[in-house]
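Presented below is the structure to which this report refers.
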Amino acid sequence: MARLKDYEDIVGKKNLNQLKSLAFLSKGKKVIMVNSTKDGGGVAEILHRLIPLLNELGINCQWKTIYGNNGFFNITKDIHNSLQGKKLDIKNELLEKYLKVNKEYAQNVNLDADIVIIHDPQPLPLIKYYPRNNTKWVWRCHIDVSKPDLFLWKFLKKYVEMYDASIFSISKFAKSLPYPQYLIAPSIDPLSNKNRDLSKNEIENVLDTYRIKKDKPIILQVSRFDKFKDPLGVIKAYRLVKKEINCKLILAGGTASDDPEGEEIFKEVKNESKDDPDIHILFLKSKSDIVINALQRSADVVIQKSIKEGFGLVVTESMWKEKAVIGGEVGGITIQLYNNLNGFLVNSIEGAAFRVRYLLNRPDVSKNLGKQAKKFVTKNFLITRHLRDYLALFYILENPNKNIIYA
Ligand code: UDP
């Protein structure tokens, strides 16, 4: 596991010293993060890297996950989808079950801390079942809640309003709430197996394992198999490109333990692509970090054709590897990609195909956009910036009247 000093070559000593000074202001504070899975998806990815570094900085930070069975995660996946705009199709008794699982968890798990940070909707109602003492409760929402199903939002808002603050990834997701809302963008860890430099051998081993030859340009999308990531749209875009450029497509991803829909979507995608030997559909096991790293480094063009996206860490990961990324113009992707400066945003299958062709035909443009992409990530989306935002938040929560932090 990386230590803070290991980041000095990437972000400089000054940045690290600033983190230490900020952390000193909250030294010894107890912070508990709660989410719904330790395995799969962007939130788990971030917490795995962030929490050890917070501890190294002197914050007593623990990570807990709400446990539930498939029934619970079926409900919370519906809630997740409806917060992102799908019409809610859950009966009242299922919402009761959602509350019941939260209530039972609260009866069994101690969340005594200075600050409790609840990630996403699964454990959102927990706050109702704990006594109100001096603990500050923060709801950290990672998903696109700009246009939720209104019935669902009305139901959840009762719980959201009980918090002391909320965090969103981009300003468009902020809501009308009776307390401070903070913007904190997610981040990647440049030293993790997912993002560190790989040797030629490591990359070749991965390609050999999956029997992928580098004999044609590679278009890649890495994502959980999820409707909002639009894997079928990616296949259609690839087919349009393929009419003019002989290329191959890799769709790689697994599922998350709190996402019961993955396997079904995987089957649909597999079925759609079965006649084409140039489409590789890879179902990744958990902890496939080096595989994902190698695939991203091998791609000629990376695509993330999401139609809803909280942030899109996979975009950041590919930008870090100097790839020109084409992303759907939605959610957090819009604060990462800027047309013709560090990648491209698209709004349709045809638009995606047009940009893929454009980049495959212009390797120099692609290379230059990739270089800009890495610079942009270095400045905005590395874990050290994320740590700074959290440390500032911890201080502000305890000192609400201070406008300036003298660290
Ligand atoms: N990821 C993974 N295995 C997979 C698919 C994705 O480890 O099979 C990782 C991916 O590299 C990224 C995170 O999970 O770090 C996905 O985050 P993102 O914000 O892109 O999407 P989310 O899944 O959270 O909607």
Side-chain angles (χ1 to χ4, degrees), residues 35-50 73 76-77 80-81 83-84 119-122 140-145 168-170 173 184-196 198 206 210 220-231 234 250-263 265-266 269 280-297 299 302-321 323 325-328 330-337 377 381-383 386:
N35 83 324
S36 60
T37 175
K38 293 221 170 177
D39 197 16
V43 181
E45 178 78 21
I46 289 168
L47 295 181
H48 270 299
R49 309 301 301 181
L50 205 65
F73 289 126
T76 57
K77 183 73 204 240
H80 174 108
N81 288 342
L83 277 174
Q84 298 212 124
H119 293 259
D120 280 343
Q122 297 90 340
R140 201 302 178 216
C141 175
H142 293 266
I143 58 185
D144 178 349
V145 284
F168 296 97
S169 297
I170 68 170
F173 300 166
I184 300 185
S187 67
I188 59 159
D189 184 344
L191 300 179
S192 66
N193 276 334
K194 178 87 49 78
N195 298 307
R196 69 170 168 83
L198 292 182
V206 169
Y210 288 96
L220 170 75
Q221 174 160 301
V222 174
S223 271
R224 285 181 296 108
F225 287 94
D226 180 305
K227 280 198 194 101
F228 287 128
K229 312 286 183 185
D230 198 18
V234 176
I250 304 176
L251 285 174
T255 183
S257 57
D258 62 347
D259 177 3
E261 289 178 345
E263 277 182 40
I265 310 266
F266 174 76
V269 172
H280 299 260
I281 310 288
L282 313 183
F283 194 81
L284 302 180
K285 290 194 268 227
S286 75
K287 305 198 174 49
S288 294
D289 292 4
I290 293 182
V291 174
I292 291 174
N293 190 342
L295 292 174
Q296 287 168 336
R297 287 180 192 279
V302 172
I303 187 163
Q304 188 55 42
K305 217 204 125 327
S306 305
I307 43 182
K308 283 276 176 185
E309 190 59 79
F311 186 68
L313 274 185
V314 281
V315 172
T316 335
E317 289 159 6
S318 304
M319 292 171 78
W320 173 249
K321 291 158 191 129
K323 296 296 161 181
V325 182
I326 298 165
V330 289
I333 298 179
T334 61
I335 62 163
Q336 301 192 62
L337 294 177
V377 169
F381 303 123
L382 293 187
I383 192 166
H386 207 169

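Counting starts at 1 for both ligands and their atoms, following the listed order. Note that these values count all heavy atoms, side chains included, but never hydrogens, waters or copies made by symmetry.
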Separation of Ser306 OG from Gln221 CD (nearest 0.5 Å): 6.0 Å
Partner residues of Asp289 under the salt bridge (charged side-chain N to carboxylate O under 4.0 Å, His left out) criterion, sequence neighbours left out: Lys194
Location of contacts on Leu313 toward ligand 1, heavy atoms closer than 4.0 Å: both
Student check: side-chain heavy atoms of Asp120 and Ser36 closer than 4.5 Å: no
Heteroatom distance test (Gly42, ligand 1): nitrogen or oxygen, under 3.5 angstrom: yes
Test item: Val330 and Phe228 side chains (from C-beta on) under 4.5 Å apart, heavy atoms: no
Those atoms of ligand 1 less than 4.0 Å from some heavy atom in Gly312: 19 (O), 20 (O)
Atom 23 (O) of ligand 1 - nearest protein heavy atom and its distance: Arg224 NE, 2.7 Å
From the candidates Val314, Ile292, Leu284, the one that places a heavy atom nearest atom 3 (N) of ligand 1: Ile292
Ligand 1 versus Lys229: contacting region, heavy-atom distance under 4.0 Å: side chain
Aromatic ring pairing Phe225/Phe283, orientation class (parallel under 30°, perpendicular over 60°, tilted between): parallel
Per-atom contacts, ligand 1 versus Gly254 - under 4.0 Å to a heavy atom: 4 (C), 8 (O)
Ligand-side contact atoms (ligand 1) for residue partner Gly253, heavy atom cut-off under 4.0 Å: 8 (O)
Inter-residue atom distance Asn195.CG - Ile188.CD1, 0.5 Å rounding: 4.0 Å
Where ligand 1 meets Glu317 - atom numbers and elements under 4.0 angstrom, heavy-atom basis: 10 (C), 11 (O), 12 (C), 15 (O)
Which segment of Lys194 sits under 4.0 Å of ligand 1 when only heavy atoms are counted: side chain
Qualifying residue for side-chain hydrogen bond (donor to acceptor under 3.5 Å, both in side chains) with Ser169, from His142, Arg140, Glu309: Arg140
